[in-house]
Amino acid sequence: MQLKRDSWAEPYKIKMVELLKMTTPEQRRKALQEAGYNTFLLKSEEVYIDLLTDSGTSAMSDEQWSGMMRGDEAYAGSKNYYNLEKAVSEVYGYKYLVPTHQGRGAENILSQIMIKPGDIVPGNMYFTTTRLHQELAGAVFHDVIIDEAHDSNSEYAFKGDVDLNKVEKLVQEYGAEKIPYICVAVTVNLAGGQPVSMKNLKELRAYTAEKGIKIMLDMTRIAENAYFIQQKEEGYRLKTIAEIVKEICSYTDGATFSGKKDALVNIGGFLALNDFDKFEEARNMVVVYEGLHTYGGLAGRDMEAMAIGICESVQDEHMKARIGQVIYLGEKMQEFGIPIVKPIGGHGIFVDAKQFLPHISQDDFPAQTLAAEIYLDAGIRTMERGIVSAGRNSKGENYYPKLELVRFTIPRRVYTQAHMDVIAESTARVYERRNEIKGLKMVYEPKYLRFFQARFEQL
Ligand code: PM9
């Protein structure tokens with residue numbers, strides 16, 4: 001079911017602009033070759049519309065920029081840390097805060113303080129950095145998301161939900177004592193920005209409380225998840241995003257957060273916990289990897305901007321425009337017949353490369369190929385979210401994810417409706433010539449998180 005359409009006009013006006021460079025097809029072909037057909041290796045200057053990620057790419061508000069000027073750059077006890085602590089406690093309700101330079105800094109610390117070698121960590125679909133930190137700490141990740149999440153055509157409203165039967169099976173097989181926590185992401189990035197329902201979270205809380213298993217939230221895009229609950233879940237239509245966000249957190253024991261998404265900042269993250277002993281461990285560990293526990297790798301000004309961004313992220317009118325823009329692009333693409341993940345998710349449009357390029361086998365990287373072709377057409381940069389991102393298992397074998405996607409990620413408060421039109425039209429042009437497109441072969445593969453730095457050549 002699609003969300004009801006009404007105006008999503010932006011609740012802000014534009015005060016400053018950044019000029020973009022337009023390139024010729026020849027320039028783009030050369031740039032792509034030099035980048036080894038990996039959009040991560042393009043120079044930003046070579047890109048016209050940058051949909052690589054919504055991470056650290058949003059536009060800050062005038063309030064956030066003025067907060068930057070109030071940076072208290074003391075080594076210890078900066079007032080901006082206390083402002084951030086207050087925002088995290090008031091907006092999310094967590095008791096203890098450990099700031100980190102970004103999300104994966106928090107994932108590293110959480111994994112190290114919670115996981116013992118041989119443990120099992122269930123999660124509602126893997127995320128690249130999250131799973132890697134769990135594995136480096138000695139755990140094996142198990143996907144417990146509902147089956148619908150792996151089907152790009154399923155219209156189920158809450159494709160991020162955890163399948164409790166899958167969790168119960170793991171408990172039966174390994175024992176609850178082998179499961180330090182369940183990692184629940186809101187929204188689920190690699191499923192297409194798909195939300196988790198409050199009903200599912202409540203059920204999971206009841207189940208884990210009985211078994212003595214903790215729930216750790218990946219709350220990187222929690223406000224977007226809250227918007228879908230408000231719009232689609234019975235009983236939440238009259239609740240504010242802020243109320244829903246707080247309720248989600250109330251069913252969990254702690255969270256990792258990349259402030260670079262929801263919180264509208266270019267850098268920043270944190271680990272939040274409710275258990276004092278675990279907080280003590282984390283607070284001690286942060287000084288090894290990030291910096292003192294009152295800055296965690298961040299400048300005072302970055303903490304201030306994040307504190308303000310957290311409050312802006314849960315404003316209803318902001319979220320309505322944010323998701324409204326994503327839906328606008330998704331509907332435009334559907335008008336052109338372009339196969340996308342349904343329903344339209346929170347932070348971008350995920351084009352189904354298996355359906356777009358059915359003649360290219362997964363071993364020839366259809367999503368990587370499609371991201372390269374999209375760049376060639378008009379200089380739009382997207383990201384592969386398929387077999388390259390999925391990487392290899394502990395035996396060195398490739399994972400073969402069911403979803404082979406190209407993510408058109410929309411930075412917050414950055415692009416206009418006309419940009420969305422250009423993106424859809426460019427993608428439609430590539431769709432028209434899809435039968436001429438050939439796959440890629442990987443010629444360089446880094447050991448960790450290969451999608452960032454791998455290089456390819458055309459077949
Ligand atoms: N997500 C994204 O583009 C950044 C680069 S890809 C690794 O989607 C979730 C759900 C994320 C996420 C980053 C992180 C890590 C954790 N969880 O990038 O370290 O989407 O701040 O956060 C990216 P950091």
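Values in this document were obtained by computation on a predicted structure and should not be read as measured data. First listed ligand is number 1; within each ligand, the first listed atom is number 1. Here, residue 1 is the first one in the sequence, and each next residue gets the next number. The basis for the numbers below is simple: all heavy atoms, side chains too, and nothing from hydrogens, waters or symmetry mates.
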Between Y295 and D302, do the side chains contain a donor N or O and an acceptor N or O under 3.5 Å apart?
no
Numbered in order shown, the ligand 1 atoms found under 4.0 Å of a heavy atom of G103 are 19 (O), 21 (O), 22 (O), 24 (P)
Side chain, backbone, both or neither: E107 near ligand 1, heavy atoms under 4.0 Å
side chain
Assess, by modelled atom type and distance only, whether the side chains of D377 and S426 contain a donor and an acceptor separated by less than 3.5 Å.
yes
Polar contacts were defined as any N/O atom of the residue lying under 3.5 Å from an N/O atom of the ligand; does this apply to R407 and ligand 1?
yes
Could you verify whether a donor N or O on one side chain and an acceptor N or O on the other, from Q230 and D316, lie under 3.5 Å apart?
yes
Kindly indicate, with the supporting measurements, whether the criterion salt bridge (Lys or Arg N to Asp or Glu O under 4.0 Å) is fulfilled by D421 and K332.
CA-CA 7 Å; D421 292 338; K332 273 253 143 182; 3.7 Å; yes
Under 3.5 Å side-chain donor-acceptor pair for T187 and R221:
no
Identify which of G268, S389, G348, S258 has a heavy atom lying nearest to atom 22 (O) of ligand 1.
S258
Looking only at non-hydrogen atoms, find the nearest pair between T409 and L52 and report the distance.
OG1-O, 3.1 Å
Does atom CZ (R381) have a neighbourhood of more than 12 heavy atoms from anything else shown, all under 6.0 Å?
yes
Using distance alone, decide if ligand 1 has a nitrogen or oxygen within less than 3.5 Å of any nitrogen or oxygen in R104.
yes
With a 4.0 Å cut-off on heavy atoms, does H347 reach ligand 1?
no
Counting only heavy atoms, which portion of K260 has something under 4.0 Å from ligand 1: side chain, backbone, both, or neither?
side chain
Considering distance alone, does some N or O of F452 sit under 3.5 Å from an N or O of ligand 1?
no
Tell me whether T53 has any N or O atom under 3.5 angstrom from an N or O of ligand 1.
yes
For E203 and Y207, test the side chains for any donor-to-acceptor distance below 3.5 angstrom and give the result as yes or no.
no
Winner among T100, D218, L132 once heavy atoms are compared against atom 9 (C) of ligand 1:
D218
Would you indicate which of H133, R221, R385 comes nearest to atom 6 (S) of ligand 1 when only heavy atoms are counted?
R385
Is any N or O atom of T129, backbone or side chain, closer than 3.5 Å to an N or O atom of ligand 1?
no
